[in-house]
Amino acid sequence: MAFDIDMIKKVYAQMAERVDKAREITGKPLTLSEKILYSHLWDGNPTKALKRGKDYVNFAPDRIACQDATAQMALLQFMQAGKKNVAVPTTVHCDHLIQAKQGAAADLKRANETSNEVFDFLESVSNKYGIGFWRPGAGIIHQVVLENYAFPGGMMIGTDSHTVNAGGLGMVAIGVGGADAVDVMAGMPWELKFPKLIGVKLTGELNGWTASKDVILKVAGILTVKGGTGAIVEYFGPGAKNLSCTGKGTICNMGAEIGATTSTFGYDDSMERFLRATDRADIADEANKVREHLTGDDEVYADPEKYFDQVIEIDLSTLRPHLNGPFTPDLATPVGELGEKARKNDWPLKVDWGLIGSCTNSSYEDLSRAASIAQQAIDKKIIPQSDFGINPGSEQIRFTAQRDGLLDVFANLGATIFTNACGPCIGQWDRSDRKGEEKNTIVHSFNRNFSKRADGNPNTHAFVGSPEMVAAIAISGRLDFDPMNDTLLNEDGQEVKLDEPVGLELPPKGFAVDENGYLAPTEDGSSVEVKVAGDSERLELLEPFLPIKDSELQGVKLLIKAFGKCTTDHISMAGPWLRYRGHLDNISNNTLIGAINAFNKKTNFVKNQFTGEYGGVPDVQREYKAKGVKTIVVGDHNYGEGSSREHAAMQPRFLGVAAVLVKSFARIHETNLKKQGMLGLTFSNEDDYDLIQEDDTFNFVDIADFAENTPLTIEIVHNDGSKDSIKVNHTYNDAQIKWYHEGSALNLIKKQNA
Ligand code: MIC
Ligand code: SF4
């Protein structure tokens, strides 16, 4: 039985009318993405054609999911909104705060001891406001959502960038910052610029060593980390129907790595099979009744160039397995060509670890295909040359894979089975084999491989591949191993070859689980007390941000001019800092410590313009704050790429940064800055980035005229007294300018509720 089936029935009941109306108004056949967007308008039936990439639109998402590391801040904000209950079905999942070290049992026990305060807080807030709570160990948010909550044609938002994973089950599922989620929890609309549409036509069929993962590794290579910005990627074509539902989830999941708003697939038999296998035949039955509305119109798929802004075609039959990396998920290399590239770039060829799992690739199919490779190592007497770590995606998958012997195969190879949680994917990894900053290589089936992400070491070269390829490479212990052509030497000195992986889309005996880790909220939570200790170093109730005054925007100092890639991992690092995600003051001590200072190419080493001395970014910024001087952060392209964590906006805001001026933004981060009442600006002329010098002072000369569609002017005063005047663009609409004037979007909600 599905959760919230009545809500799903309601969505389907209104779909036909809304889709027809949208077709009539736009005067054309519709993509699936448009059908879902137009049937989730806050105002009900569509009344006008919406301009892609231009119009801000109010939507009514069907549900919300939050994970422990972002839910803390989201719920601390929601608590200020003065509501009794969340307005739409919402869940909280405890998955990011569990460190991988010894293995599932010991690690989970330790996490429950060290983070009990945070888990108790989340459990009590969830119980109070009618939120479903998934305990630590229940699984990774996106797998749990795919197995329990996702439904074809639905729209959801989640406080995690990989919420997009639910596109595998035909949703429009979008990652957002906590403040966006708070709007919807509080019963307000959710605003999004109507996305552009990228169509990916898949033909042929995967074969041999190629997996769903390779589709997105290839797409990432084509579109790069910012090629999907502002767009929904819609997959279609005969090849799409040949992919499993969880494989589609993998592809959608990593759409976050190309900056896409989300990715999705039309409802098909693979989704129906998955729904039935996960005990949701009721959704499948309902979906079948409105099947035609749950995929794009035939005319669209027959002539995609006419209806999508961009079309890419991939033939699955000829697609080759890839490994992407290091340090960025779009550096795509076909497996056979990696050796040469690695030698040229001096990437260590020896592979130390193979990690399988994460929200991206931890399905039953993934584990079974990887296990088929692991089993061969045993059968063919090959001694694995790397360590193995496995993170199953959910307790349901773990239980089923254990029952079916899959986990034993890995255990027989000496693998450590970690908790059903994020673990090494987010730096929650106490890596015992290497300490310090030694150069080394790991391969994993995760989605992100930014510097320091897995183990905190800037010299760990992480490569992303399919679980089966990760297994093969880890067994060989070499980055240049090509299982399709190369042999390995076994214990008896014989040359042996690995056969192609085989796997099962779904467990033949069905899924099973003993204790899934779900806790339903009580009917009436009004008497539930939320637990926050006054002296906690991990949780702190929030104080509202004060609006930034026009006068404070004169004499603004440069905090840092960031050079090159500056992801949310650089702005607010995860790993050890995850423990402070509920305490704004404490987590602010990691602000921008990973960003590279353009003037000296060092991290966490910036000039204090008042003393002329250099110090860590948070320390220098706190000194500016103490003097009441506002600052600006300057950055390059795709600033804030990666995570949805709003801490990357709240921390600079809290410390007194007023503006972030960059060549371009990642979508979620730009919205997060707006929501927290800051200025997120882009250079009108990118080359003006080069004008910025270390001792610069900035005057926002026309901030009093801040208005929609009007660039702002900044006067830059250099140390020698010379000046430059530059134009900067912004995408604030009138409503968002109000957030700025109120100090934050939340301040506005509170005012409206007062
Ligand atoms: C990530 O994969 O970077 C995270 C950790 O899941 C983040 C969320 C967070 O920072 O808590 C994300 O993807 O949004
Ligand atoms: Fe967790 Fe990694 Fe997925 Fe983020 S990408 S939700 S850290 S498993």
Side-chain angles (χ1 to χ4, degrees), residues 65-74 92-100 118 122 134 136 139-146 157-166 173-178 180-181 216 249-250 252-257 259-260 262 329 355-363 366 389-394 418-429 444-454 462 464 567-582 587 590 594 640-651 666-669 671-672:
C66 306
Q67 42 87 343
D68 49 4
T70 50
Q72 298 171 59
M73 211 42 100
V92 164
H93 305 258
C94 297
D95 52 2
H96 281 63
L97 299 179
I98 305 163
Q99 194 190 46
V118 173
L122 292 174
W134 291 78
I140 308 175
I141 172 169
H142 311 301
Q143 283 296 329
V144 174
V145 166
L146 197 70
I157 57 170
T159 59
D160 189 283
S161 65
H162 294 108
T163 303
V164 293
N165 190 69
I174 302 182
V176 297
D180 276 38
I216 186 62
T250 297
C252 293
N253 181 301
M254 270 193 74
E257 273 51 68
T262 191
L355 299 162
I356 293 172
S358 90
C359 60
T360 334
N361 272 108
S362 50
S363 65
D366 289 329
I390 315 283
N391 283 86
S394 71
F418 295 125
T419 320
N420 314 314
C422 305
C425 181
I426 192 58
Q428 289 283 34
W429 187 22
H444 61 57
S445 71
F446 311 160
N447 39 34
R448 292 197 172 136
N449 55 353
F450 303 136
S451 169
K452 296 191 189 176
R453 182 166 168 105
V464 182
T567 72
T568 45
D569 281 353
H570 297 81
I571 307 171
S572 174
M573 196 191 170
W577 291 92
L578 285 173
R579 63 184 278 110
Y580 300 118
R581 282 288 186 87
I587 197 164
N590 81 359
E641 156 189 0
S643 163
S644 66
R645 64 192 75 141
E646 62 196 329
H647 305 74
M650 293 179 91
Q651 296 170 214
R667 175 188 61 88
I668 308 178
H669 186 64
T671 309
N672 286 344

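First listed ligand is number 1; within each ligand, the first listed atom is number 1.
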message = By the definition side-chain contact (heavy atoms from CB on, under 4.5 Å), identify the one residue from I140, D68, D160, V145 that meets it with H93.
response = V145

query = Between NE2 of H142 and CG of D95, what distance do you get to the nearest 0.5 Å?
reply = 7.0 Å

query = Counting only protein N/O/S, how many atoms fall short of 2.8 Å from atom 2 (Fe) of ligand 2?
reply = 1

request  = Compare all side-chain heavy atoms of R645 with those of M73 and state whether any distance is below 4.5 angstrom.
outcome  = no

ask   = So, for T163 and A173, which heavy atoms are closest and what is the spacing to 0.1 Å?
value = O-CB, 3.3 Å

request  = Of the side chain and backbone of N391, name the one, both, or neither that has a heavy atom under 4.0 Å from an atom of ligand 2.
outcome  = neither

task = For the residue pair C425 and R453, establish whether any side-chain heavy-atom pair is separated by less than 4.5 Å.
result = yes

Test item: Q67 and V92 side chains (from C-beta on) under 4.5 Å apart, heavy atoms = no

Beyond-backbone contact of N253 with C359, side-chain heavy atoms, under 4.5 angstrom = yes

request  = Determine the sole option in T360, T250, N361, N165 for which the side chain to side chain donor-acceptor pair (under 3.5 Å) test with N447 is passed.
outcome  = T360

query = Which pair of non-hydrogen atoms, one from R581 and one from I587, has the smallest distance, and what is that distance?
reply = CD-CD1, 3.7 Å

Atoms of ligand 2 close to H142 [distance to a heavy atom under 4.0 angstrom, numbered from 1] = 6 (S)

Heavy-atom side-chain proximity of P329 to N449 below 4.5 angstrom = yes

key: Side-chain touch H162/E257, heavy atoms, less than 4.5 angstrom   = yes

query = Between R453 and ligand 2, which residue portion shows a heavy-atom distance shorter than 4.0 Å: side chain, backbone, both, or neither?
reply = side chain

request  = Collect the protein residues that have a non-hydrogen atom under 4.0 Å from ligand 1 and hand them over in chain and number order.
outcome  = Q67, A69, T70, H96, D160, S161, H162, I426, R448, R453, R581, S643, S644, R645

